[in-house]
Number of protein chains: 2
Amino acid sequence: MNLPNLDSIETPAALVDEDRLESNLHKAAAYMRERGLRWRPHTKTHKVPELAARQLRAGAAGITVATPREAEVMGTVAEDVLLAYSPVGDSKLARLMALPRKVRLSVGLDSREALAGLAGAARGAGRTVGVLVELDMGMRRVGVQTPEETVALAREAAGAQGLEYRGVMFYPGHIRMPMAEQGPALAEVSRRLAPFLEALEAAGLKPEVVSGGSTPTLWRSHEVVGMNEVRPGITPFFDRASAWMGVCGWEEVAYSVLATVVSTAVPGQAVIDAGSKALAKEELPVGGYGALLERPEVVVHALSEEHGLLDLSRTAWRPRVGERVRVVPNHVCVSVNLQEELWAVRAGQVVGRWDVTGRGRGPA
Amino acid sequence: MNLPNLDSIETPAALVDEDRLESNLHKAAAYMRERGLRWRPHTKTHKVPELAARQLRAGAAGITVATPREAEVMGTVAEDVLLAYSPVGDSKLARLMALPRKVRLSVGLDSREALAGLAGAARGAGRTVGVLVELDMGMRRVGVQTPEETVALAREAAGAQGLEYRGVMFYPGHIRMPMAEQGPALAEVSRRLAPFLEALEAAGLKPEVVSGGSTPTLWRSHEVVGMNEVRPGITPFFDRASAWMGVCGWEEVAYSVLATVVSTAVPGQAVIDAGSKALAKEELPVGGYGALLERPEVVVHALSEEHGLLDLSRTAWRPRVGERVRVVPNHVCVSVNLQEELWAVRAGQVVGRWDVTGRGRGPA
C-alpha cells in the first residue's frame, strides 16, 4: 500500500493512533478475562473489518453489529455475529440470510412481529438463527417491559423452527455519568434484571447469554449481577465523552480528526475545516462539540457543516491560517460514520489506511 | 435504470418528492427573476450533479459548492462555480486547479494567507481564479471585520497574477427566526454592508458581485440593499426548520427519510430504524429532531445512532412493528450527507435514483 505523508493528507481526515489503539484493545481484553466476562465488541463504532479482526485476535468471543451491511462486512472476519437490533423488513432479512453459512448469527428483538419475520426467513433459508430477547433495563428506548412478556417471547423463540433461543440482552445507555457516580445506577440494573432471570429459569428458559454493557460502564461491568457478556463499542478509540466520564485518560484517546485552520478573521476564535459533516453534533454536559488532542483547553464551541469554531479564551495560543490541529469529537461513532477512511498513525507517520466499509446500506 | 418498488426499498432511505422538488425549484427561480437577483444555489444540500443541472436549467446563473469534491462533481454540469470556503492546503488547491478549464471558478476568502496560497496555485496552473472577499455581516464565524481590511484584501486580489477580484460575499447564517420577524435583522445587514461597499467603491474596487442570502431569508433577499446574488441551499427540498420559520408550507417539503417501525415495546412511543446516522442531530427551538411528513404532530423526540423515538402523546395513531413512515429531518443538508442515494418518488412510485456523489473527499 502506498501511504501518503501525514502533512499531505487532505483535511478533514480521521486519524487513529496505532499504539493507543493496541493498548486500549488489550486493556479491555484483560479486564474481560480477569472478570470472566465474554467480550463482544460493538463494531458500529469503527465499521472496519480489519479492526474487528484485531479485536477477535485480542480475545473477543464474537462481535456485535447494528445493520445488515455491518453484518456482511464483519462476516468476512467473524464467525459469531450478534445483530443487536430487530431486523424488520424483507430486504434486511434477506441480507442476513445470505450471510456465509459459517457465520453463527444471533439477533436481539423485543416483539412477536420481529420474531415471526425472522423465523419465516430462517425457515425459508434453511438456517438456524439465535434469538436474544431484548429487555428494557431503564433506558426506555426498546426492550420488553415485564418478566411475563419476556418468558412468553423466549418460549416462542424456543419453539420456533429456524430459531434457537439463546438468552437475553439489554443496553444500559441511560448510564452516562462519571464512572465514580455509576454505582447506584448499576445496582438498579442488577435489581431490575433479577426478576427477569428468575422468571426465565423458573420457566425452564434459563438464558445461556445475558448480554449488556456499554463503554461508559465498561470497567464496572462486573457489578451487574447475572450479566456474562459485554458489548462496548467505543473502547478501542475512546472520545471526549469517554474522557469526561473518566472511562479513559485524555492520553488514551486514539481517535481524532485532523483539521486545518482556515480563518482567524473574527477575534477570539479560530475556524477549522472540520464541522458537523466531520465531527458530528453531539452534546455533552460540559459543553462544546470536541476539543484539541494536544490542547484540551481549546474547545470546539460551535459547529456548522464545514466549520468548527475554536474558542481561544482559555489559551494563549494564537493559530495562523494553514496550521493543522487534531480534534477529539464528543462521540466517535458518529464521526467515524462521516469518514470514508481512517488513517493509522504512529509517531507522526501514516502507517496504514482502513476503508470504513460498513457504512450505509452498501452496494444494492 | 431498473427501479425498485417503494415498498421493497431497505430503510432508512431518503426520498425526494419529484413534484414538490420541481415546484420549489421554479418558485425560487421566479422570485429571483422578479427581483433581479442572480441565483447561485448552494449544492452542498443535495451533492447531486443531476440536481445542480436542473437548477441551472431552471435559471440559476451558476452554483455554489463547499468542498473541492463538490467542485469536481458539479464541474461536470456547471460552468460557473463558487467555492464559498477558503481552500487552505496543497491538496485542496491542486484539486481545484485540476477542474476542467471551461469552469469559471471563484473562491471566497478572508485572509492574506488563503489569498497567497490561491494565487500561487493559480499561477502554477496557468489559470485565472476569481476572488470574493468574505465579510462578516453579523454571524461571527468567518469574514473580514472592517471596510479598511476589506479594501486591502480586495486590492491584493486585484493586483495578484492568477487572481481576478470579483466582489464580496457574506452568509447571514445568524438570521434563523420566523420569516415575519426577520425585518430588523435584515435592515441591520444592509446598514452593516453599506460602509464596506462605499469604501470599496471609493477605492476604485466596486464589487461586480455582492453575494449573500440563505434559505431562512430567501423570500426577503431583496430587502438587503446592495446584494445582487443569492446562495440558498435548502430551497429545492426544504426541511422542518424551513417550515418552522415559515419559509415553506409543510406540504412543500420535498425530502423525507423513509423508516420502519421496529419496536413498540415501551409504552407511549414507537421506535423507528432512522437515528442520528440517517436524520442527523440538529436542534430546533420547538424541540425534537424531526416530524412525520404525513403526521406532523408526531415528533422524533430522541435519537440514538440507529433509532428514532416517536412521541405518540399528541396522536391517537398507534403504529405496529413493520409499518413504514416518512420523517422530515430538522436540517436536510446533514441528513443528505448521511445517504448513499436519494430516491425520486411520485405518487407512491419510485421514478428515479440519484447517487450522492459529492460526499466526502471522493476517490483519492
Side-chain angles (χ1 to χ4, degrees), chain A residues 4 8-11 13 44 66-68 85-86 88-92 95 110-111 113-114 117 134 136 140-145 149 173 260-267 269 271 273 276-277 280-283 302 304-307 309 320-322 333-334 337-340 359-362 364, chain B residues 4 8-11 13 44 66-68 85-86 88-92 95 110-111 113-114 117 134 136 140-145 149 173 260-267 269 271 273 276-277 280-283 302 304-307 309 320-322 333-334 337-340 359-362 364:
Chain A
S8 72
I9 288 180
E10 186 172 318
T11 57
K44 57 133 183 170
T67 67
Y85 302 76
S86 277
V88 178
D90 292 342
S91 169
K92 286 178 181 166
R95 292 175 76 163
D110 67 4
S111 70
E113 293 89 339
E134 179 149 24
D136 179 7
R140 299 195 64 72
R141 181 174 69 181
V142 297
V144 175
Q145 300 291 301
E149 296 166 274
T260 302
V261 174
V262 293
S263 173
T264 57
V266 177
Q269 73 185 19
V271 182
D273 61 357
S276 64
K277 285 177 175 172
K281 241 178 180 170
E282 293 268 334
E283 310 217 322
S304 39
E305 287 164 60
E306 301 289 349
H307 288 120
L309 272 56
R320 52 174 179 73
V321 169
C333 308
V334 279
N337 187 52
L338 295 164
Q339 312 299 327
E340 294 160 290
R359 297 200 301 165
R361 284 169 299 284
Chain B
S8 72
I9 288 181
E10 186 172 320
T11 58
K44 56 134 180 166
T67 67
Y85 302 76
S86 276
V88 178
D90 292 342
S91 169
K92 286 178 180 167
R95 294 175 76 164
D110 68 5
S111 70
E113 293 89 340
E134 180 150 22
D136 179 8
R140 300 196 63 73
R141 181 174 71 180
V142 296
V144 175
Q145 300 290 302
E149 295 168 274
T260 302
V261 174
V262 294
S263 173
T264 57
V266 177
Q269 74 185 19
V271 183
D273 61 357
S276 64
K277 285 177 174 172
K281 243 179 179 170
E282 294 267 335
E283 310 216 322
S304 39
E305 287 164 61
E306 300 290 348
H307 287 121
L309 273 56
R320 53 176 179 72
V321 169
C333 307
V334 279
N337 186 52
L338 295 164
Q339 313 299 326
E340 295 161 291
R359 296 200 302 166
R361 283 169 298 284

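A note on names: the letters A, B, ... follow the listed sequences, proteins ahead of strands, and every chain is numbered from 1. When reading the values below, keep in mind they use all heavy atoms of this one structure, side chains included, and skip hydrogens, waters and symmetry mates.
Looking at A/E340, its side chain does come within 3.5 Å of a backbone N or O of B/G362 through a donor-acceptor pair. Proximity of a side-chain donor or acceptor of B/Q269 to a complementary backbone N or O of A/R140 within less than 3.5 Å is detected.
In terms of heavy-atom pairs under 4.5 angstrom with chain B, the leader among A/A114, A/A13, A/G143, A/P4 is A/G143. In terms of heavy-atom pairs under 4.5 angstrom with chain B, the leader among A/R95, A/E113, A/K44, A/R141 is A/R141. Each of A/A302, A/S304, A/A280, A/S8 has some count of heavy-atom pairs under 4.5 Å with chain B, and the biggest count is that of A/S304. Comparing B/P267, B/G322, B/G173 by how many heavy-atom pairs each has under 4.5 Å with chain A, the most go to B/P267. Among the candidates A/N337, A/T260, A/V271, A/V334, the residue making the largest number of heavy-atom pairs closer than 4.5 Å to chain B is A/N337. If you tally non-hydrogen atom pairs under 4.5 Å between each of A/Q339, A/R320, A/E149, A/E283 and chain B, the highest count goes to A/E283.
With a 4.5 angstrom heavy-atom cutoff, A/T11 touches chain B via backbone and side-chain atoms both. Residue A/R359 touches chain B through both its backbone and its side chain, counting heavy-atom pairs closer than 4.5 Å. Only the side chain of A/L338 comes within less than 4.5 Å of a heavy atom of chain B; its backbone N, CA, C and O stay farther away. Only the side chain of A/D136 has a heavy atom closer than 4.5 Å to any heavy atom of chain B. Of the two parts of A/P68, only the side chain, counted from C-beta on, holds a non-hydrogen atom closer than 4.5 Å to a non-hydrogen atom of chain B. For A/V144, the part lying near chain B is the backbone, with the side chain staying farther off; criterion is any non-hydrogen pair under 4.5 Å. Both the backbone and the side chain of A/S86 come within contact range of chain B, each with at least one heavy atom under 4.5 Å from a heavy atom of that chain.
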Next item on the list: Would you check, one step at a time, whether the test side chain to side chain contact (heavy atoms under 4.5 Å, CB included) holds for B/E134 with B/Y85?
Entry: CA-CA 9 Å; B/E134 180 150 22; B/Y85 302 76; over 6 Å; no
Notebook entry, point to check: Taking it one step at a time, do B/R361 and B/T67 satisfy side chain to side chain contact (heavy atoms under 4.5 Å, CB included)?
Noted result: CA-CA 8 Å; B/R361 283 169 298 284; B/T67 67; over 6 Å; no
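The side-chain hydrogen bond (donor to acceptor under 3.5 Å, both in side chains) check on A/D110 picks up B/S263, with sequence neighbours excluded.
For A/E10 and B/K92, the salt-bridge test fails: no basic side-chain N is under 4.0 Å from an acidic carboxylate O.
Taking the side chain as every heavy atom from C-beta outward, B/H307 and B/D273 never approach each other to under 4.5 Å.
The nearest pair of heavy atoms linking A/E306 to B/A66 is CG-CB, 3.9 Å.
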